[in-house]
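Below is one structure, written out as structure tokens; the observations come after it.
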There are 2 protein chains.
Amino acid sequence: MNKPLEYGATIGILGGGQLGRMLSVAASRLGFKSHIFDPAPSPPASDVAHLCITASFEDNDALIAFAKAVDVITYEFENIPAFALNIIKNYAPVRPDQEALRVSQDRLIEKNFLSSLRLKTAPYADTPDFATLLAQLNIIGEPAILKTRRFGYDGKGQYQIRERSDAEKAFNDLKHAPTILEGFVDFSHEISVIAARGTDGSVACFDPGENVHKDGILRSTTLPARLSADQRTDAILTAACILNSLDFVGVMGVEMFVTPQGLIVNEIAPRVHNSGHWTQNGCIIDQFEQHIRAIVGWPLGDGQRHSDIIMENLIGDDILRLPEIACEPNSAVHLYGKVEALPGRKMGHVNRKIS
Amino acid sequence: MNKPLEYGATIGILGGGQLGRMLSVAASRLGFKSHIFDPAPSPPASDVAHLCITASFEDNDALIAFAKAVDVITYEFENIPAFALNIIKNYAPVRPDQEALRVSQDRLIEKNFLSSLRLKTAPYADTPDFATLLAQLNIIGEPAILKTRRFGYDGKGQYQIRERSDAEKAFNDLKHAPTILEGFVDFSHEISVIAARGTDGSVACFDPGENVHKDGILRSTTLPARLSADQRTDAILTAACILNSLDFVGVMGVEMFVTPQGLIVNEIAPRVHNSGHWTQNGCIIDQFEQHIRAIVGWPLGDGQRHSDIIMENLIGDDILRLPEIACEPNSAVHLYGKVEALPGRKMGHVNRKIS
């Protein structure tokens with residue numbers, strides 16, 4: 001096990017959105033300072049950070065200055081450009097490491113990785129050209145989804161192919177980027193496991209939550225998820241297998257579909273995850289602190305669930321309901337300090353304790 | 001009821017110690033920014049604040065600039081100089097208000113105020129000169145305690161008078177400042193009620209906690225406190241009476257002694273209180289968020305207790321036990337980011353969930 005960072009050390013966080021904001025708060029709880037690196041001025045995390053650097057991920061000098069001033073580097077999103085990583089890793093350890101990013105940045109590499117662990121995924125195929133797409137549609141069948149291999153989130157960069165005739169439009173609309181074809185999975189519900197792994201190789205998983213999406217965006221996570229004891233064990237073992245295979249350090253979100261044939265891994269995110277926000281009010285140690293503990297070399301905390309929780313995202317105009325939400329008993333609201341409530345924008349979330 | 005502050009507004013906090021730090025975190029959770037004003041550079045709260053101003057409480061220009069930039073002002077300690085208050089209150093509302101500070105800054109005024117509400121206090125007397133001290137000792141009897149009327153905390157500015165012959169030394173040591181003589185109270189244990197009152201006059205109290213002090217410094221708070229149902233009701237009603245009488249807005253800590261003759265009010269603090277730190281892990285809304293909700297005009301949150309908790313302060317060298325504390329199950333540690341572990345210095349606290 002690596003020596004833990006000293007009390008009062010500084011954590012560098014790439015990305016200053018709501019995840020960076022809540023990571024920074026958790027870092028402060030353990031006595032650490034945070035430096036945020038974000039191309040946008042005044043990101044949400046800047047309100048609760050020791051320092052916030054506004055610079056492009058292509059600004060080598062800013063990256064070097066940032067990396068030199070911190071003791072460990074982490075991130076709140078997986079699309080960190082490789083060249084930025086190649087610079088900063090010379091000055092401070094990056095956790096989770098480059099391998100975790102390489103695997104999770106590209107849906108094809110991710111699916112191949114999961115398959116290599118003999119974990120079930122949706123049927124998928126690389127679609128480098130239109131002819132291959134048509135050939136793979138013959139195998140996978142409709143409906144299917146054409147997705148960009150990289151940079152997709154919250155339902156962006158995806159096209160449903162309901163009939164064979166949709167294929168051409170989907171391919172043309174996404175042809176600026178490499179794509180992957182994924183078959184539909186007939187699932188009853190989606191769950192996610194928020195799993196943590198320390199520098200000593202120990203693994204701790206939060207209880208699986210049940211997710212509901214709308215328009216490609218997470219709307220709610222409910223604890224506990226509807227799962228049999230076997231499924232619950234499977235979910236935890238699956239997550240642990242993924243983290244161990246990557247020699248992962250930090251928190252990872254693992255989304256899975258529940259099907260009569262067992263759990264199917266949908267996708268992994270090498271970071272704290274929206275579906276883990278319930279832990280702030282359902283556990284004594286939340287996902288944000290668990291991530292900080294992992295990356296600074298502390299022992300993982302006790303993440304056992306003490307309450308049943310429904311987490312609801314506040315998206316766009318949902319924030320107009322704040323006056324009512326603020327009055328709800330048994331509820332904690334967490335807001336991100338974003339000024340404009342654009343459609344689809346995550347403005348905050350509410351954790352409702354249901355028992 | 002005043003209109004609540006707008007989402008994204010800025011809260012000014014006088015004092016950047018651990019209480020300011022945890023207030024700032026709570027403010028961020030509700031989407032507010034914090035500006036800290038503290039004479040010391042890089043105080044604990046500066047790690048999690050939008051802005052930190054380093055200036056003296058005698059620096060008029062700095063006070064005005066601070067007050068102009070914020071939408072409401074609060075504080076983490078009660079000894080705000082009156083002239084500083086008189087300046088800043090012209091630019092933004094100060095909550096809790098000046099009356100709360102006037103009453104709680106001076107032990108004699110505080111005791112007179114409590115007596116005027118027909119609440120029980122320790123026997124006390126003003127001791128403007130040595131002759132009065134001796135005369136009052138005849139009435140109150142030994143043992144007694146001579147305390148400075150102002151600026152005492154954590155057992156500072158206090159002398160025990162065990163025998164009449166101690167009186168002269170006590171008086172001479174404290175004679176630079178006005179003093180008050182307090183009789184000893186024969187109590188079984190001390191409790192405190194953390195009470196909140198909103199701008200609409202609504203009052204919410206957290207469950208009373210049981211405090212253990214050592215060398216004048218709080219060591220632990222245990223929830224629930226040992227209290228009969230009647231005593232518990234008395235404690236809550238006493239706290240509510242105090243807050244209502246002051247037309248108080250914010251969180252107040254009310255310390256009480258439990259005696260066979262009933263509850264005796266020891267002292268009040270017009271701010272979040274060390275004995276309320278357990279709420280961070282025992283309630284869905286903690287004392288820090290409750291204070292922010294009150295001062296910005298939000299409805300008070302639901303502070304019902306979901307867990308039994310023992311809060312232990314980490315004082316001075318206690319921080320050396322951090323490696324063991326970090327491993328404890330069912331425990332959350334909260335550190336303040338202070339660099340030097342001086343004797344008697346509060347470095348952090350642990351909340352242990354005991355059921």
Side-chain angles (χ1 to χ4, degrees), chain A residues 4 7-8 10 21-22 24-34 42 44-52 280-286 289 293 298-302 304 306-307 309 319 322-324 326-339 341 347-348 351-353 355, chain B residues 4 7-8 10 21-22 24-34 42 44-52 280-286 289 293 298-302 304 306-307 309 319 322-324 326-339 341 347-348 351-353 355:
Chain A
Y7 176 72
T10 301
R21 178 175 170 105
M22 292 182 279
S24 186
V25 165
S28 82
R29 203 155 58 223
L30 301 185
F32 299 106
K33 297 185 202 307
S34 298
S42 303
S46 65
D47 291 345
V48 284
H50 184 70
L51 186 73
C52 184
Q280 293 173 313
N281 298 99
C283 305
I284 197 158
I285 303 297
D286 69 19
E289 178 170 335
R293 281 175 169 253
W298 271 40
L300 296 179
D302 185 345
Q304 70 177 290
H306 58 64
S307 298
I309 302 277
I319 197 79
L322 192 53
E324 298 103 82
C327 296
E328 286 181 28
N330 276 311
S331 295
V333 64
H334 300 256
L335 301 177
Y336 309 151
K338 297 178 185 174
V339 181
M347 303 298 292
N351 286 330
R352 297 190 173 92
K353 184 168 148 54
S355 79
Chain B
Y7 177 72
T10 301
R21 179 177 170 105
M22 293 183 279
S24 185
V25 164
S28 82
R29 203 156 57 223
L30 300 186
F32 300 106
K33 297 184 202 306
S34 297
S42 302
S46 65
D47 291 345
V48 285
H50 184 71
L51 186 72
C52 184
Q280 293 172 312
N281 298 100
C283 304
I284 197 158
I285 303 297
D286 68 19
E289 178 170 334
R293 280 175 170 254
W298 271 40
L300 296 179
D302 184 346
Q304 70 178 288
H306 59 64
S307 297
I309 301 277
I319 196 80
L322 192 53
E324 299 101 82
C327 296
E328 286 180 30
N330 274 315
S331 296
V333 63
H334 300 256
L335 302 176
Y336 308 151
K338 297 178 185 174
V339 181
M347 304 298 291
N351 286 330
R352 297 191 173 91
K353 183 169 147 56
S355 78

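Lettering follows sequence order; numbering is per chain, from 1.
If you measure heavy-atom distances from A:Ile285 to chain B, the contacts under 4.5 Å come from the side chain alone. For chain B, the nearby part of A:Ser331 is the backbone; its heavy atoms alone come within less than 4.5 Å. For chain B, the nearby part of A:Ala49 is the backbone; its heavy atoms alone come within less than 4.5 Å. Residue contact with chain B, scored on non-hydrogen atoms closer than 4.5 Å, is absent for A:Leu51. In this structure, no portion of A:Met22 lies under 4.5 Å from any heavy atom of chain B. Proximity to chain B is absent for every atom of A:Gln280, based on heavy atoms less than 4.5 angstrom apart.
The backbone N or O of B:Ser28 sits less than 3.5 Å from a side-chain atom of A:Arg21, completing a donor-acceptor pair.
Nearest heavy-atom pair, A:Asn330 versus B:Ile284, reported as atom, atom and distance to 0.1 Å: O-CD1, 3.5 Å. When all heavy atoms of A:Gly337 and B:Tyr7 are compared, the closest pair comes out as N-OH, 3.1 Å. Taking both residues in full, the closest heavy atoms of B:Gly31 and A:Leu335 are given as N-CB, 3.7 Å, listed atom of the first, atom of the second, then distance.
Listed options A:Val339, A:Asn351, A:Leu322 were ranked by heavy-atom pairs under 4.5 angstrom with chain B; first place goes to A:Leu322. Each of B:Glu289, B:Gln304, B:Arg293 has some count of heavy-atom pairs under 4.5 Å with chain A, and the biggest count is that of B:Arg293. Contact tally against chain B (heavy-atom pairs below 4.5 Å) for A:Gly8, A:Ala326, A:Pro329, A:Ala332: the top residue is A:Ala326. Between chain A and the options B:Asp302, B:Asp47, B:Leu300, the largest number of non-hydrogen pairs under 4.5 Å is found for B:Asp47. Ranked by heavy-atom pairs under 4.5 Å with chain A, the first of B:Val48, B:Leu30, B:Asn281 is B:Val48.
Taking NE2 of A:His50 as the reference point, atom SG of B:Cys52 lies at 10.0 Å (rounded to 0.5 Å). Note that the NE2 atom of A:His306 and the NE2 atom of B:His306 stand 4.5 Å from one another [nearest 0.5 Å].
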